[in-house]
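Below you'll find the structure, written out as structure tokens, and then a few comments.
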Amino acid sequence: MDQLILELSVAPEPTLENFVVGRNTEAVQALRALASGEACSRVIYLWGESGCGRSHLLKATLSASRTAALTVVDGIETLTRAQAEALFPVARDALAGTGFLLASGDLPPASLELREDLRSRLGAGLVYRLWPLSDGEKLAALRARAHHLGFELPPDAGTYLLRHCPRDMAALLSTLDALDRLSVKLQRSITLPLLRQCLDEHRWPAIQ
């Protein structure tokens, strides 16, 4: 039997173009400017709850950057004391006009448990809170991806995806892409039963 292999867990490479912006337009614009070497600040700090897209944006900006002297630090709250001490001169020099620093964390600079001089320098640059997408924005993004792939996503299938799959956009979009491949393979229309079959057969970890 010809077995269909769905790489459900493999998300597309993060780019600034495939990031679903939602309420984060200003932050993404600043990162585009940073990547092109035209940022108005040499230090940018992003913060927000898990799943808001911090890691996606840092990886995407690093990949797109034309700036050689760009330091990127994800999850700054996890730095050891030695790592924080090593980062301080990077932040200091960036503010002074040498190099660039892009960092992220789960809290605003003033609330981080880091040395005060590092917190103050992170706060002296551009600071953006990243807002997670609402369910409506996620559904709109899923419908847009489905339209790009050449099909309409039934409303019940979109709702099912949000309720039974990991809710970050990388996982949702990857699942939708896999569903499209299954539809082509089986020559069946995209429906809720086909989505359930896709998830059941390939053991995508459902959210209870």
Side-chain angles (χ1 to χ4, degrees), residues 9 11-135 137-138 141 166-174 205 207:
S9 61
E13 286 297 314
T15 67
L16 294 174
E17 286 68 34
N18 64 22
F19 180 76
V20 182
V21 176
R23 292 178 285 168
N24 301 304
T25 300
E26 187 176 348
V28 174
Q29 289 176 341
L31 295 178
R32 291 184 187 279
L34 176 62
S36 65
E38 300 174 353
C40 61
S41 174
R42 288 176 169 265
V43 175
I44 297 180
Y45 178 76
L46 310 176
W47 70 277
E49 63 189 69
S50 177
C52 67
R54 289 178 291 155
S55 296
H56 179 119
L57 287 175
L58 264 63
K59 292 176 183 176
T61 305
L62 182 60
S63 296
S65 178
R66 301 173 188 172
T67 304
L70 172 62
T71 299
V72 176
V73 181
D74 195 6
I76 202 167
E77 70 279 357
T78 65
L79 295 183
T80 65
R81 177 173 304 206
Q83 289 171 330
E85 290 178 354
L87 184 60
F88 169 72
V90 176
R92 179 198 62 205
D93 293 347
L95 289 173
T98 302
F100 296 83
L101 173 62
L102 172 60
S104 78
D106 58 358
L107 294 171
S111 300
L112 292 168
E113 295 185 0
L114 296 172
R115 49 188 287 179
E116 172 58 30
D117 51 7
L118 179 55
R119 290 202 307 266
S120 65
R121 280 161 176 77
L122 291 172
L126 294 177
V127 178
Y128 296 101
R129 178 174 182 177
L130 295 181
W131 299 95
L133 297 178
S134 67
D135 283 355
E137 289 168 333
K138 289 179 181 179
R167 295 174 60 82
D168 63 280
M169 283 309 302
L172 289 168
L173 294 174
S174 180
I207 301 299

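One-based numbering along the sequence shown.
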Apply side-chain contact (heavy atoms from CB on, under 4.5 Å) to residues N24 and L46 and explain how you reach the verdict. CA-CA 11 Å; N24 301 304; L46 310 176; over 6 Å; no
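- The heavy-atom pair separating R119 from A110 by the smallest distance is NE-O, 3.8 Å.
- Applying the 6.0 Å contact sphere to CD of E17 captures more than 12 heavy atoms from other residues, nucleotides or ligands.
- Between the side chain of E77 and the backbone N or O of D106, at least one donor-acceptor pair lies under 3.5 Å.
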When you look at Q83 and L87, which way does the side-chain contact (heavy atoms from CB on, under 4.5 Å) test go after all the steps? CA-CA 6 Å; Q83 289 171 330; L87 184 60; over 6 Å; no
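- Side-chain contact between L126 and V43: absent, with no pair of heavy atoms (C-beta onward) separated by less than 4.5 Å.
- Contact check for L70 versus L62: side-chain heavy atoms found under the 4.5 Å cut-off.
- To the nearest 0.5 Å, atoms CZ (R32) and CG (L34) are separated by 12.5 Å.
- Summarising the geometry of M169 relative to V20, their closest heavy-atom pair is CE-CG2, 4.1 Å, with the distance given to 0.1 Å.
- A salt bridge links R167 to D135: at least one charged side-chain nitrogen sits closer than 4.0 Å to a carboxylate oxygen.
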Worked verdict on W47 versus L112 for side-chain contact (heavy atoms from CB on, under 4.5 Å): CA-CA 11 Å; W47 70 277; L112 292 168; over 6 Å; no
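- Here the closest heavy-atom approach between residue A60 and residue L16 is recorded as CB-N, 3.5 Å.
- The pair R66-E38 does not count as a salt bridge, with every side-chain nitrogen at least 4.0 angstrom from each carboxylate oxygen.
- Between the side chain of T61 and the backbone N or O of L58, no donor-acceptor pair lies under 3.5 Å.
- Summarising the geometry, atom OG belonging to S120 is positioned 12.0 Å from atom CZ belonging to R92; distances are rounded to the nearest 0.5 Å.
- Counting only distance, with no hydrogens or angles, the side chain of R54 and the backbone of G75 share no donor-acceptor pair below 3.5 Å.
- Using a 4.5 Å heavy-atom cutoff, the side chains of V127 and P108 are not in contact.
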As a quick check of understanding, evaluate side-chain contact (heavy atoms from CB on, under 4.5 Å) for L101 and L95, giving each step before the final call. CA-CA 9 Å; L101 173 62; L95 289 173; over 6 Å; no
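- When all heavy atoms of A171 and P166 are compared, the closest pair comes out as CB-CB, 3.8 Å.
- Here the shortest heavy-atom pairing between S36 and A33 reads OG-O, 2.9 Å.
- Distance check: L122 CG to I44 CD1 gives 12.0 Å after rounding to the nearest 0.5 Å.
- Interatomic distance, CG of L102 versus CZ of R42, reported as 14.0 Å (0.5 Å rounding).
- Interatomic distance, CG of D74 versus NE2 of H56, reported as 12.5 Å (0.5 Å rounding).
- Heavy-atom minimum distance, G105 versus Y45: CA-OH, 3.2 Å.
- Taking CZ from R81 and CG from L114, the interatomic distance works out to 11.0 Å, rounded to the nearest 0.5 Å.
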